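This is a predicted model, so every value here is computed, not measured.
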Amino acid sequence: MEIGLIDIKGTLPCFENFGNLPTKIIDENNISEIKNLEMLIIPGGSIVESGSFTEEFKKQILDFDNYIVGICSGFQILSEKIDIGRKSPVPIVKEGLGLLNVEFSPLICTDLVKFNFENDNLFGKKNQLGHGFHCHTYGNIEITNNSTEKWTISEIEKLNYKMVGKQNILSGVFKNKVYGTMVHNLLDNNFVVENFLKNMKITEDEKQNIFKKNSILKEKLKNRSKISENFKTESNDKKGIILLATGSESGKTFLSTSICSKLKGKTFVSKIGPDVRDIVPSLYLLREPMTKFSSIKISDRGWSEPSEFLEFVKNSEFNNYIIEGVMGAFTGALNKKNYSGSEVSKILGFPVYIISSCSKTGIEGSFVECMAYYSLLKEMGVNVAGIILNRVYNAELLDKVKKITDDLNIDLIGVNKLNVSVDNKRGLIPEIEIDYEEFCNATMKLDFDIDIPKIKPEKINEDSKTFEEYLKIWSEKLININ
């Protein structure tokens with residue numbers, strides 16, 4: 001049995017294990033081999049946004065008469081239409097292959113989810129329950145013809161950034177031999193793999209041969225990364241940083257992806273809070289899967305407790321740990337305890353860099369913002385390592401503030417603005433739509449150096465004070481400075 005996994009521009013062939021079933025890589029060079037497969041898996045990514053499928057690819061898939069499984073973006077491309085017009089005054093509609101009678105429109109979901117099968121199918125029986133996660137911006141599904149049947153229903157708690165309580169939403173459909181779902185890790189449920197192999201009448205010897213081929217395939221996929229040479233290291237050091245910002249749209253995702261592209265050794269990237277979409281570009285480069293530890297909880301929102309994450313770091317074999325903050329460093333801190341990136345950063349104890357974008361308040365304003373944040377974070381006991389001025393447009397002005405930080409022994413990094421306008425161009429913004437290939441290529445053009453400090457993830461830094469108490473103390477010091 002040969003099960004193909006597509007690996008072309010914009011796809012995420014290492015985002016999950018796909019049940020350890022794929023045995024053959026399908027790319028632009030062997031499209032014609034699709035017809036010889038027993039099953040084709042189309043992974044998630046930015047297939048729709050980046051226009052990854054050539055006409056030849058489309059033809060081969062449309063002519064294919066065996067099983068197809070599309071996941072997330074791979075599901076969307078099998079549909080009739082996809083509206084990717086989030087934050088657009090009018091819909092931006094892309095045409096799919098029309099193999100499944102569904103239409104997509106914007107809906108953000110980044111939950112760990114339970115799913116159940118709505119009907120008997122190749123992968124399981126009706127009402128069988130499994131686990132996975134959602135990571136999408138366009139997830140509202142409307143069936144347009146009853147020849148397409150419901151496949152998966154997901155139990156979620158959060159939609160479009162709002163806690164909505166436990167709700168069931170349609171997350172997958174099938175028609176004949178074509179399946180599509182928004183549930184990542186669906187194929188990594190043991191009962192799903194067992195049902196599939198049983199229904200395909202695969203013998204034990206054949207099964208072991210599939211898994212053996214799959215382990216070789218995974219190694220090949222990893223080596224196809226743009227930065228595969230960076231993965232080789234003999235160091236046992238553990239290094240890590242947290243990137244906090246003075247506000248949203250400061251460029252955290254762009255910078256964290258760029259940093260991941262520069263580091264030597266094995267790198268793990270994680271997000272404070274549940275919006276794991278932001279770290280997908282880094283995973284695209286690193287060719288690492290999304291795991292429970294890819295999201296660190298802020299209060300009750302997210303996937304893994306800070307204590308769990310530290311235990312993971314302590315026992316894992318990664319050399320570098322890059323953690324991306326959520327919104328501004330203090331956003332949410334007055335709502336309840338440990339509800340902000342600043343508080344989670346203190347708990348973790350990792351060195352922190354503060355990011356501010358010069359495109360909004362100028363170099364001068366960004367520097368003032370960073371110094372204010374630096375001061376309050378220090379008051380809270382956060383391990384602040386330095387500040388990053390992003391989108392720097394004037395070297396002379398940067399030198400002036402750099403002299404100040406040098407005298408204060410504060411590490412200041414200036415990151416020059418690229419000619420590409422990441423802020424305004426659709427296709428380069430994770431929050432709206434993103435072309436992973438183009439986004440990652442742009443991040444790799446950034447020219448800056450950052451020293452990732454060593455870490456010792458040994459204990460939780462508990463805090464008896466609330467953020468409000470720290471804010472009061474800090475404010476009083478400012479008022480009484482003279």
Side-chain angles (χ1 to χ4, degrees), residues 5-16 26-28 41-58 61 70-100 102-110 133-142 160 171 180-184 226 249 251 253-254 256-258 275-287 290 418 420-445:
L5 178 65
I6 291 181
D7 179 19
I8 58 174
K9 182 182 75 169
T11 58
L12 292 161
C14 302
F15 202 53
E16 50 203 288
I26 299 295
D27 60 22
E28 296 87 346
I41 297 174
I42 310 176
S46 60
I47 300 171
V48 176
E49 295 91 334
S50 56
S52 305
F53 276 5
T54 62
E55 291 304 313
E56 179 60 21
F57 241 119
K58 293 177 184 178
I61 293 172
I71 300 171
C72 201
S73 187
F75 174 17
Q76 292 169 350
I77 199 66
L78 297 172
S79 72
E80 295 174 343
K81 294 179 181 178
I82 313 97
D83 172 14
I84 61 170
R86 176 171 162 75
K87 290 195 172 182
S88 169
V90 296
I92 300 175
V93 177
K94 301 288 186 179
E95 298 292 329
L97 296 175
L99 291 173
L100 294 170
V102 295
E103 295 182 358
F104 282 91
S105 56
L107 181 74
I108 294 172
C109 184
T110 54
F133 68 91
H134 285 202
C135 180
H136 59 71
T137 307
Y138 318 106
N140 186 56
I141 304 166
E142 180 182 352
N160 292 331
S171 58
T181 185
M182 301 307 286
V183 182
H184 295 280
K226 291 173 175 292
E249 300 180 11
T253 298
F254 203 72
S256 62
T257 309
S258 182
D275 197 359
V276 289
R277 293 176 306 158
D278 291 341
I279 64 170
V280 177
S282 293
L283 296 177
Y284 181 79
L285 280 179
L286 296 169
R287 297 216 156 194
M290 185 78 78
L418 288 178
V420 177
S421 176
V422 177
D423 289 318
N424 300 317
K425 183 177 178 183
R426 293 191 70 93
L428 285 178
I429 308 173
E431 168 59 19
I432 304 176
E433 78 182 78
I434 186 166
D435 177 336
Y436 290 130
E437 182 79 8
E438 188 175 2
F439 186 92
C440 290
N441 285 341
T443 67
M444 293 172 69
K445 294 176 183 176

Q: Start with the C-alpha gap between I279 and S256, add the side-chain angles, then the distance that decides, and say whether side-chain contact (heavy atoms from CB on, under 4.5 Å) holds.
A: CA-CA 8 Å; I279 64 170; S256 62; 5.7 Å; no

Q.
side-chain contact (heavy atoms from CB on, under 4.5 Å) for I42 and F75? Distances and angles first, verdict last.
A. CA-CA 8 Å; I42 310 176; F75 174 17; over 6 Å; no

Q: Step by step, work out the side-chain contact (heavy atoms from CB on, under 4.5 Å) result for E437 and S46.
A: CA-CA 8 Å; E437 182 79 8; S46 60; over 6 Å; no

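Note that the CD1 atom of I92 and the NZ atom of K94 stand 7.5 Å from one another [nearest 0.5 Å]. To the nearest 0.5 Å, atoms OG1 (T137) and CG (N160) are separated by 9.5 Å. Atoms CD1 and CG, on I141 and L100 in that order, are 10.0 Å from each other to the nearest 0.5 Å. The CG atom of N441 lies 4.0 Å from the NZ atom of K226; values are rounded to the nearest 0.5 Å. In this structure, the separation between CG on N140 and CD1 on I82 is 13.0 Å, given to the nearest 0.5 Å.
With contacts defined as side-chain heavy-atom distances shorter than 4.5 Å, the pair F439/D435 does not qualify. Side-chain contact check for F254 versus L418: some heavy-atom pair is nearer than 4.5 Å. The side-chain heavy atoms of P43 and E16, taken from C-beta on, include no pair separated by under 4.5 Å. Contact check for M444 versus L285: side-chain heavy atoms found under the 4.5 Å cut-off. Here the side chains of M290 and L12 are not in contact, with every heavy-atom distance at 4.5 Å or above. Contact of the H134 side chain with the S171 side chain is registered, since non-hydrogen atoms from C-beta on lie closer than 4.5 Å. You'll find the side chain of M182 reaches within 4.5 Å of the side chain of F104, heavy atoms only. Considering only heavy atoms from C-beta on, F15 stays 4.5 Å or farther from Y284 through its side chain.
Side-chain atoms of S88 come within 3.5 Å of backbone N or O of V90 as a donor-acceptor pair. A donor-acceptor pair under 3.5 Å is absent between the side-chain atoms of D7 and the main chain of P13, judged by distance alone. Checking side-chain atoms of S73 against main-chain N and O of I47 turns up a donor-acceptor pair under 3.5 Å. Side chain of S258 to backbone of T443: a donor-acceptor contact under 3.5 angstrom is found. A side-chain donor-acceptor contact under 3.5 Å links Q76 to the backbone of Y138. Between the side chain of H136 and the main chain of L107, a donor-acceptor pair closer than 3.5 Å is present.
Side chains of T110 and R277: a donor-acceptor N/O pair is absent below 3.5 angstrom, by distance only. For the 3.5 Å distance criterion, the side chains of E49 and Y436 fail to qualify, holding no donor opposite an acceptor. Between the side chains of D83 and S105, no donor-acceptor pair of N or O atoms lies under 3.5 Å.
Heavy-atom minimum distance, G44 versus H184: CA-CE1, 4.4 Å. Of all the heavy atoms in I6 and I8, the pair that sits closest is CG2-CG1, 3.7 Å. Of all heavy-atom pairs between G10 and S52, the closest is CA-OG, 4.1 Å. Contact detail for P281 and I434: the closest heavy-atom pair is CG-CD1, 3.8 Å.
Using a cut-off of 4.0 Å between Lys/Arg side-chain N and Asp/Glu carboxylate O, D27 and K9 are scored as not salt-bridged. A salt bridge does not link E142 to K81: none of the charged nitrogens lies less than 4.0 Å from a carboxylate oxygen.
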